[in-house]
Amino acid sequence: MELVRRVMPNGPEAQVSAMLCLTAMAFDAAQVNRFRLLLAESLRLMQQSSLLGTALAPPEVMSQLCACALRLQIEPQAAREAILAQRIRPAKEIDSLIWPWAVRLHTLGRFGLVIAGEPLTFKGKSPKKALELLQQLVASGGREVSTEALMQSLWPEESSSNLRNLFDNTLHRLRRLLVDGEALQIQNGKLGLDPQRCWVDAWSFGRLTQGVAVDVQTSSPPLDVENANAALRLYSGHFLATEGDVPWALPYRDRLRNRFHRLVLQLGRRFEGLNAWEAAISIYEQGLEVDNLSELLYQQLMICHLNRGEHAEAMLVYRRCRELLSIVLGVAPSERTEQLHRAAMIAPRH
C-alpha cells in the first residue's frame, strides 16, 4: 500500500482522488482483498486530510463505495461523515436501510424518531400535536401536502381564525424536534419532508416492493428476492398500528397492508413453484407474525404442509386460523379453508 501511495500525485486531494479511482477499479474487477485494503486506506486518508466533505469522485462512485464501507464495516464512521458532509444519496434502495440519515422516521408497527443517529425521547410530556402533524404528513404522501387540509384535520373543531396560529406554532415545535432546519419544506401553502434529509420506513418499503404484482394471480416481473426479504424485515407491523384506528391513517395503512400481503404471497408462491416448501412455510409464518388474521396466508401455509405430507401440522394451522377468526372477527373460516381442513383430515397411508 505504501508503494501505491508513493507513485501517486503529490497533494492530498490528488492522492485521494487517485486512490478512489483505484478502489472503484478493484470493485469492478471483483478483486475483493485489494478492494477492502484500498477502500480502508482511501477513507482513512480522507479523514486524516480533512477531505470527507470534498467531492473527489463522482457521486455514484462515492455512493457505491460508502455503501460497501457501511455493509462491510470498513472505516464506517468516516463513511458516515462523508455521506452527511457531501449529501451522498444511496444508489440502491436496500442501502438506504443502513444510511446515516439526518432524520429517520419509523411508522411500521411502531412510531419513533431517530435524529442524527440518536432515538428521540421525551423526559416530560411529549409534543403530541407536533408529532401528529408529522404522522399526518407521512400518511398524506409527505410531498406538497396542503397546509389547509392538515389544519382542518388536526383541529376540526377550531374556528378558521385560530387555525393559522395553531399550525404555525405546531410547525415551529416540529422543526425544533427534527433539529435539521432543512428537513421540512413549505412553499405555496404546501408542506413536505425533504427526501434528501429524511428517511421514512413506509416509503422505503414501498420502493423496495415496486416489482410486486397488483394481482398475485397475474404474471409479474421477476421478484428481486434481496429487496423482497429486506422489505419483509422492514415491515414489522401495520402503519402507525400503536396509534389506533385514527381516520386519517386508515387509507395509507390499508394500501401498505395490501402491498405487504401481495409481497408475502408472491414470494411464498415463488418458493412453492420451486418445490421449496420449507422456504415457503417460513415466508408465510413471517407474514402471519405481522398479520395473524390473514386467512389467505393460513390457506397457503396449509397447502405447503400438505405438500410435505405434514397433515398434523396442517390441522394445527387450521385450528389457529379458526380460533383467531372466531375470537377477533366473529366469523367462521371460508369454504376454501374448510376444503383444506378436510384434506388434512385424510391421514396419508404408509
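These values consider heavy atoms only, across backbone and side chains, with no hydrogens, waters or symmetry-generated copies. Note that this is a predicted model, so its numbers are computed, not measured.
Pairs of residues two or more places apart, or lying in two chains, that qualify as ring pair (Phe, Tyr, Trp, His ring centres under 6.0 Å) and include a residue from residues 12-57 are F27-F35. Residue pairs satisfying the ring pair (Phe, Tyr, Trp, His ring centres under 6.0 Å) criterion with at least one member in residues 312-336, sequence neighbours excluded, are listed as follows: Y318-H341.
Side-chain contact between V114 and E118 is absent, with no heavy-atom pair separated by less than 4.5 Å. Residues T147 and R164 have side chains in contact (heavy-atom distance under 4.5 Å, counting atoms from C-beta outward). Within the 4.5 Å cutoff, side-chain heavy atoms of Q15 are placed close to those of L45. Between Q152 and L163 the shortest side-chain heavy-atom distance falls below 4.5 Å. Between P127 and L177, the closest side-chain pair of non-hydrogen atoms falls below 4.5 Å. At a threshold of 4.5 Å between non-hydrogen side-chain atoms, the residues N292 and V328 do not count as touching. Between P333 and Y298, the closest side-chain pair of non-hydrogen atoms is not below 4.5 Å.
Between P100 and L84, the closest heavy-atom pair is O-CD2, 2.9 Å. Here the closest non-hydrogen pair linking E310 and I281 is OE1-CD1, 4.3 Å. Pairing each heavy atom of L52 with each of A78, the nearest pair is CD2-O, 3.6 Å. Across G53 and A85, no two heavy atoms sit closer than the pair CA-CB, 3.5 Å. Heavy-atom minimum distance, L234 versus D201: CD2-O, 3.5 Å. Counting all heavy atoms, side chain and backbone alike, W101 lies closest to P195 at CZ3-O, 3.5 Å.
Annotation: cation-pi geometry not satisfied between R308 and W277 (NZ/CZ under 6.0 angstrom from ring centroid, within 45° of ring axis). Cation-pi geometry between R143 and W203 is satisfied (NZ or CZ under 6.0 Å from the ring centre, within 45° of the ring normal).
Side-chain contact, T242 with R110: no donor N or O sits under 3.5 Å from an acceptor N or O. When only modelled atom types and interatomic distance are considered, S96 and E93 share a side-chain donor-acceptor pair under 3.5 Å. No side-chain donor-acceptor contact under 3.5 Å links T107 and Q135. There is a side-chain donor-acceptor pair under 3.5 Å between Q300 and E272. With hydrogens and angles left out, the side-chain atoms of Q299 and S334 include a donor and acceptor closer than 3.5 Å. A donor atom on one side chain and an acceptor atom on the other are not found under 3.5 Å apart for E313 and H305.
Using bins of under 30°, 30° to 60° and over 60° for the plane-to-plane angle, the ring pair F260/H238 lands in the perpendicular bin.
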Using salt bridge (Lys or Arg N to Asp or Glu O under 4.0 Å), reason through E182 and R87 one step at a time and then give a plain yes or no.
CA-CA 12 Å; E182 301 175 33; R87 296 198 175 188; 2.9 Å; yes
Between E132 and W248, is the side chain to side chain contact (heavy atoms under 4.5 Å, CB included) condition met? List the steps.
CA-CA 11 Å; E132 189 178 341; W248 49 264; 3.7 Å; yes
Donor-acceptor pairs under 3.5 angstrom involving side-chain atoms of residues 67-75: please list them, not counting sequence neighbours.
from : atom 1 : to  : atom 2 : distance (Å)
R71  : NH1    : D95 : OD1    : 2.7
Q73  : NE2    : L70 : O      : 3.0
E75  : OE2    : R44 : NH1    : 3.0

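The backbone N or O of L38 sits less than 3.5 Å from a side-chain atom of S42, completing a donor-acceptor pair.
Linking ILVMFWY residues whenever their side-chain heavy atoms come closer than 4.5 Å, directly or via other members, leaves L293 and L250 in distinct clusters. No continuous path of ILVMFWY side-chain contacts below 4.5 Å connects L301 to L274, so the two sit in separate hydrophobic clusters. A single hydrophobic cluster is seen to contain both L137 and L166, as judged by linkage of ILVMFWY side chains at heavy-atom distances under 4.5 Å, directly or through other members.
Interatomic distance, CD of Q266 versus NE2 of H261, reported as 14.5 Å (0.5 Å rounding).
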